[in-house]
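Remarks on the structure that follows.
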Number of protein chains: 4
Amino acid sequence: MTPKKEKIIYEASLLIHSLGYTNTKLSDILTSSGIGKGQFYHYFTSKQDLADAVVEYLIGTMKHDIFEEVLDQPTAPKLRLNQMLDKLCAMQFENQAQSGCALGNLAIEISEHEPVLRDKISSFFKQWEEKIQRALDELQQHGELDKKVDTAKYSRAMIAMIEGAILLMKNKQDIQVLYDITDVIRNEYNLNEE
Amino acid sequence: MTPKKEKIIYEASLLIHSLGYTNTKLSDILTSSGIGKGQFYHYFTSKQDLADAVVEYLIGTMKHDIFEEVLDQPTAPKLRLNQMLDKLCAMQFENQAQSGCALGNLAIEISEHEPVLRDKISSFFKQWEEKIQRALDELQQHGELDKKVDTAKYSRAMIAMIEGAILLMKNKQDIQVLYDITDVIRNEYNLNEE
Amino acid sequence: MTPKKEKIIYEASLLIHSLGYTNTKLSDILTSSGIGKGQFYHYFTSKQDLADAVVEYLIGTMKHDIFEEVLDQPTAPKLRLNQMLDKLCAMQFENQAQSGCALGNLAIEISEHEPVLRDKISSFFKQWEEKIQRALDELQQHGELDKKVDTAKYSRAMIAMIEGAILLMKNKQDIQVLYDITDVIRNEYNLNEE
Amino acid sequence: MTPKKEKIIYEASLLIHSLGYTNTKLSDILTSSGIGKGQFYHYFTSKQDLADAVVEYLIGTMKHDIFEEVLDQPTAPKLRLNQMLDKLCAMQFENQAQSGCALGNLAIEISEHEPVLRDKISSFFKQWEEKIQRALDELQQHGELDKKVDTAKYSRAMIAMIEGAILLMKNKQDIQVLYDITDVIRNEYNLNEE
DNA sequence: TATGAATGAGCTTTCATTCAT
DNA sequence: CATGAATGAAAGCTCATTCAT
């Protein structure tokens, strides 16, 4: 992967995050990347091909920021989940609550009609669920979570709350929505005390 | 509003639900509605104008189905909330878990760049929150909900869970995701009968 | 078929005759026809679609000029064949021996890779063979052609001589080539005397 | 001429034979030849320049196969012409009747608009005519051909039949067309042994 | 009202050619 | 000699919108 290609993917990811895949025009990408039309097709076979690369890049970023740096750490489960929420809030704050979740947006834009991309995103969400579930299992073992909750369902529900919160936040263009709902998450999953 | 105009809006709402606003072409709408180009511009000044009407229609449908028929009813709060969840699940089941939430999709597609539509959707979500909050307040008064929860935040969080669940469901193209997460909602908000 | 569509097909047929299918650009056709890009796609679904129409038009023209006006006439076979050759020579003379046989050119350009167009042209050549063969059969019956020649093969061979003559004529950009070879045809098929 | 350059010309000739000059892309040639872009422009100044070389190569091949190995041989004229036809049939059989005559195809594709290439091909056809004419003259001297035929016209007509036969054969994608018409040639020019 | 022909800016993509290394 | 990154004009095509009837 040449630096140029990485640059194109990065610039495209910003555009797609803000505008969506369809609304991002090749000309936008060319302008942002500072390349010519022909050059683009030297690196990618099509706009679709770039979309694949962007999705992989976005998933890679999330895996790095959320999995490797937080959920995969050998720290206490409560800490991991709190750090995860902090980080997600920080990401949206940096974006000024404007564009929402890049992968969530794409999931909604393409899931019904683009099976390949859908599966990539779906696979990411599955991994995320598993890592949260592991944390919830640990909490349960430590008696910090109600014994009878189904951690598989609850980890998925936590992601749903996060994605839904970001959706509502984007719709209101107001970061407070995300803060409020992460508060509720911390309450409901006993992430607050001590 | 002539029946023809209503027909156009209805057919457009189906297409936009499945394809998104940008990916829905005027020609698709004309074909579905069985009208000609000139006819369209007789009823609408632009595609944007139609989008406004579609959003109003979608909001109107939700208000009828969820507000008037359920949340505004003088029934027990637990029943109202359960019926609301049942209805939302039924709607997605009918759609075979394919397209997700029409308003949620649009919220994500247009919130950053189309203030007028964003505000319309945002206003709908706000009303929804208020009606859920009212139900939660009643539950609290009946001692069926923890006294210290902030019902404003919790009603918003419930919508976040619902929208997030539908997002994940659409991404997996599997209704079970929605069922699982509504189970969690019922648990957490003490909606299961006893 | 609207006059506009006919005009596009006609102008395209001239361009394709001279330049070939691939070398004829949509922009050439638009300029010749005096229409805009969008209008073209109102009448045709693609450049390929136009090619189909052009082939049909070219075949139709040949059928009219060579079949209906000459070979299908109830005149003497020798006269019909001579008139056919005269007409073919006249057509190339009008074109100043520049572009050759429109259908022959297309046959060479597309036969290996475009089965649909190939079959259309092939079907035209087959009909042409049959009509010449009928004339040759009549000649044989009148004792004006050697009894033992296989009229099926000889009619096909006559078309081969014509198409080959036009090919060589085009290559030399000299009508005389065609005249010389039609002379040979008239000799060999006893079309001269009286 | 380096082996690499010869390789490029050879691979290009195969592609141009099948696809035509315009439809053969530089990238196809690079792939087939296993070279890079820069390498190509080291050997050729342009695609046109390559086309010149390909035409020379194709003409050279025909001269070797048809002239040197057959028509220039000091054998009997009837044998030479029969061997020529046999060889031409064999070449098309090898190609499975798919692509036709490489030089005939190019003649049709470029004669109207590329004078340099046209003249090269035209010059080849002229030489071919002369060599056939010489054979016909010898046949006439041996009393094996009608005295009064104009051997110049008849040699050209023979090439026309061959090229026309290959055109029809390519259009039908059926080698039998060529076989049938060469049969007629052998009849008409008294080439069948007796 | 109603039709669909016409427009044209802009889209994704192609491709011969040039250039830096 | 050799590579392949870079260029950009031009290709085929799309689509919201306008206009003549």
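Chain identifiers are assigned alphabetically (A, B, ...) following the order of the sequence lines, protein sequences preceding nucleic acid strands; residue numbering begins at 1 within each chain.
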- prompt: Does OH belonging to A:Y10 count more than 12 external heavy atoms closer than 6.0 Å?
  reply: no

field: Side-chain donor-acceptor pair present, B:T22, B:E109, cut-off under 3.5 Å
entry: yes

query: Does any donor atom in the side chain of D:S99 or C:E112 lie under 3.5 Å from an acceptor atom in the other side chain?
result: yes

Could you state the atom-to-atom distance from [atom1] of [X] to [atom2] of [N] in whole Å?
X: C:I35; N: F:dC13; atom1: CD1; atom2: P; value: 13 Å
X: B:I29; N: F:dC15; atom1: CD1; atom2: C1'; value: 12 Å
X: D:I8; N: F:dC1; atom1: CD1; atom2: P; value: 12 Å
X: B:K5; N: E:dA2; atom1: NZ; atom2: P; value: 14 Å

query: Does B:S123 have any side-chain contact (heavy atoms from CB on, under 4.5 Å) partners at least two apart in sequence or in another chain, and if so, which?
result: B:Q127

query: Which stems does DNA chain F form, counting runs of 3 or more consecutive Watson-Crick or G-U wobble pairs with both distances under 3.5 Å?
result: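 For DNA chain F the paired stretches long enough to count as stems (3 pairs minimum) are E:2-21 with F:2-21.
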
message: Taking salt bridge (Lys or Arg N to Asp or Glu O under 4.0 Å) as the definition, give me every residue that meets it alongside B:E114, ordered by chain and number, with sequence neighbours left out.
response: none

- prompt: salt bridge (Lys or Arg N to Asp or Glu O under 4.0 Å): which pairs involve residues 53-63 of chain A, sequence neighbours left out?
  reply: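 Salt bridge (Lys or Arg N to Asp or Glu O under 4.0 Å) check on residues 53-63 of chain A returns A:E56-A:K120.
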
- request: For F:dT21 versus E:dT1, give the span between their P atoms, rounded off to a whole number of Å.
  value: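 Here F:dT21 and E:dT1 have their P atoms 22 Å from each other.
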
query: Is there any ring-ring contact (aromatic ring centres under 6.0 Å, His included) pair reaching into residues 32-54 of chain D, and which pairs are they, with sequence neighbours excluded?
result: D:F40-D:F44

task: Would you mind classifying the nucleic acid contact of A:F44 as base, sugar-phosphate or nothing, using non-hydrogen atoms under 4.0 angstrom?
output: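 Counting heavy atoms under 4.0 Å across all strands, no contact is made by A:F44.
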
message: Could you check whether A:K47 makes a cation-pi contact with A:Y21, meaning its NZ or CZ is under 6.0 Å from the centre of the six-membered ring and within 45° of the ring axis?
response: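 Yes, A:K47 and A:Y21 form such a contact.
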
query: What string of B, S and - do you get for nucleotides 15-21 of chain E 5' to 3' if you count protein non-hydrogen atoms under 4.0 Å?
result: BSBB---

